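Small disclaimer: the values here were computed from a predicted structure and weren't measured.
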Amino acid sequence: MARGVLSFPLTSFHDDGTLDPDGFRAHVAAQIATGPGAVFPACGTGEFFSLDEDEYRQVVTVAVEEAGGRVPVVAGVGYGWAQAARFARIAEEAGADALLVLPHYLVAAPQDGLVAQLEQLAARTPLPLIAYQRGQVSFGVAAFRRITAIPGVIGLKDGHSDLDRLQRLTLAAPEDFLFFNGAATAEIQARAYAAVGVPAYSSAVHAFAPEIADAFFTALSDGDDGTVEKLLCDFYVPLVELRDRVPGYAVSLVKAAARLRGRPVGPVRAPLTDPTAADLAELRQLLTTGLDLVGAAL
């Protein structure tokens, strides 16, 4: 998990918004077949916030069944610690290997509270925890040292891209502590994260174009700067510019791109919205360009 592309599969819905377990099974099986470092169902890209507990159980169960022990399954949990613990119990029963603790709901909190949130959850689940700092969750060095001492907390996913602070955290971490680049469209900053000791990252692109994601990761690992920069300039940067036009496109564009490739993922759920026709046409052209760069087809 610590040195590879991480898969964050999309949760499949029917056109009427109901869960599509069969579509999700096909999608997650295709994702696992590409050999990611781990699969993370029901997280941000998987629209965790829109799932009820029964749907969540189905999603995690399918991911565990399809993984079949070949790769770790790390399920998302979130909201306050009490609700996170309910989802943690479901994930444990479904056979998940670990949990990604998504940022808590709505309120800002002091460092002591952020630590207590993880302490309360860790006391209620035997599953290892990976904290996700993003939005209103950001650990200083002192609080970070405290969370690394919590039994069961094994890693940190960073979505702030404050590399000064992140470098301080990596230097303060125990030797076997895991770090992940969780920036939006993480490839944009992958070289910078790797420079501070965080080579592994979550790839939204992997959810619809693993050929592009894997080509980028291979080029990055091999020090092939020419290929890295070609993919950044011609695919990733334009994708980010399109993503930034509308709130929620970080998920809905990914789903739309997966649908363009025939993946059975369906629409997004409200409050997210699917891309406009004009943006979808631009996405199609951009996806075609990216696939051409790596010798693949739409």
Side-chain angles (χ1 to χ4, degrees), residues 7-32 39-67 73-80 83-84 86-91 93-94 96 99-100 102-106 132 134-135 184-185 202-210 239 242-284 287:
S7 169
F8 282 68
L10 302 154
T11 299
S12 299
F13 300 118
H14 294 292
D15 288 342
D16 64 0
T18 57
L19 185 69
D20 178 8
D22 293 336
F24 179 71
R25 184 178 296 278
H27 171 59
V28 77
Q31 287 281 288
I32 291 170
V39 60
F40 288 68
C43 293
T45 307
E47 297 177 79
F48 165 78
F49 57 86
S50 77
L51 301 176
D52 67 27
E53 292 183 11
D54 180 63
E55 292 169 331
Y56 177 85
R57 183 185 300 276
Q58 293 181 68
V59 165
V60 178
T61 298
V62 167
V64 170
E65 289 173 353
E66 292 303 318
V73 175
V74 185
V77 297
Y79 308 113
Q83 287 173 291
R86 290 174 63 92
F87 283 102
R89 284 193 291 274
I90 295 170
E93 292 165 0
L99 304 171
L100 178 66
L102 303 170
H104 63 269
Y105 172 69
L106 189 61
Y132 189 5
R134 187 171 185 164
T185 315
S202 58
S203 174
V205 170
H206 191 276
F208 63 86
L239 179 66
L242 179 58
R243 179 203 71 198
D244 288 347
R245 287 182 191 169
V246 178
Y249 265 18
V251 176
S252 56
L253 274 183
V254 175
K255 264 200 162 174
R259 291 195 302 274
L260 287 173
R261 303 202 72 197
R263 309 298 189 253
V265 297
V268 292
R269 275 182 173 174
L272 301 179
T273 58
D274 288 311
T276 65
D279 288 344
L280 187 61
E282 188 171 337
L283 176 64
R284 179 188 290 273
L287 179 55

request  = Would you check if the side chain of T18 reaches a backbone N or O of H14 as a donor-acceptor pair within less than 3.5 Å?
outcome  = no

task = Would you name the heavy atoms of V28 and P9 that are closest together and state the gap between them?
result = CG2-CG, 4.1 Å

query = Between the side chain of T11 and the main-chain N/O of G46, is any donor-acceptor distance below 3.5 Å?
reply = yes

ask   = Given side chains that start at C-beta, do those of L280 and L283 come closer than 4.5 Å, heavy atoms only?
value = yes

query = Between I32 and A63, what is the shortest heavy-atom contact and its length?
reply = CD1-O, 4.2 Å

Inter-residue atom distance F87.CZ - L99.CG, 0.5 Å rounding = 12.0 Å

query = Does E47 use its side chain to pair, donor to acceptor, with the backbone of R269 at less than 3.5 Å?
reply = yes

key: Distance-minimising heavy-atom pair for A207 and V254   = CB-CG1, 3.9 Å

query = What heavy-atom pair brings V60 and A96 nearest, and what distance separates the two atoms?
reply = CG1-CB, 4.1 Å

query = Just how far is it from atom CD of Q83 to atom NE2 of H104, taken to the nearest 0.5 Å?
reply = 12.5 Å

task = Report the distance from atom CG of D279 to atom CG of D274, rounding to the nearest 0.5 Å.
result = 11.5 Å

ask   = Is the backbone N or O of F49 less than 3.5 Å from a side-chain atom of Y79, with the two atoms forming a donor-acceptor pair by type?
value = yes

key: Residue R245 excluded, over 12 heavy atoms near CZ under 6.0 Å   = yes

request  = Could you give me the CA-CA distance, side-chain angles and deciding distance for V39 and Q31, then say whether side chain to side chain contact (heavy atoms under 4.5 Å, CB included) is met?
outcome  = CA-CA 8 Å; V39 60; Q31 287 281 288; 5.5 Å; no

task = Would you check if the side chain of S12 reaches a backbone N or O of F24 as a donor-acceptor pair within less than 3.5 Å?
result = yes

query = Has the side chain of R259 got a donor or acceptor atom that lies under 3.5 Å from a matching backbone atom of V265?
reply = no

query = When rounded to the nearest 0.5 angstrom, what distance separates CG in D20 from CD in E55?
reply = 11.5 Å

inquiry  = Just so I know, are the side chains of V205 and L239 near enough to count as touching, which here means a heavy-atom distance under 4.5 Å?
reply    = yes

request  = Determine whether more than 12 heavy atoms belonging to other residues, nucleotides or ligands lie under 6.0 Å from atom CG of D15.
outcome  = no

key: Side-chain touch E65/R25, heavy atoms, less than 4.5 angstrom   = yes

message = For a side chain to side chain contact (heavy atoms under 4.5 Å, CB included) check, start with the C-alpha distance between C43 and Y132, then their side-chain angles and the critical distance, and finish with the verdict.
response = CA-CA 11 Å; C43 293; Y132 189 5; over 6 Å; no

task = Please work out which of the three classes, parallel, tilted or perpendicular, describes the rings of F40 and F8, given edges at 30° and 60°.
result = parallel

request  = Write down the atom of R134, the atom of A184, and the distance for their closest heavy-atom approach.
outcome  = NH2-CB, 3.7 Å

Heavy-atom donor-acceptor pair, S252 side chain to P275 backbone, under 3.5 Å = no

ask   = Mind checking whether K255 and L272 have side chains closer than 4.5 Å, heavy atoms only?
value = no

ask   = Is the side chain of H27 donor-acceptor paired with the backbone N or O of R263 at a distance under 3.5 Å, no angle test?
value = no

ask   = Within the side chain of Y56, is there an N or O that forms a donor-acceptor pair under 3.5 Å with the backbone of G76?
value = yes

ask   = Can you tell me how far CG of L19 sits from CD of Q58, rounded to the nearest 0.5 angstrom?
value = 5.0 Å

message = Looking at every non-hydrogen atom in both residues, tell me the closest pair between V74 and L100 and how far apart they are.
response = CG1-N, 3.6 Å

inquiry  = Distance check, rounded to the nearest 0.5 Å: I90 atom CD1 versus T61 atom OG1?
reply    = 9.5 Å

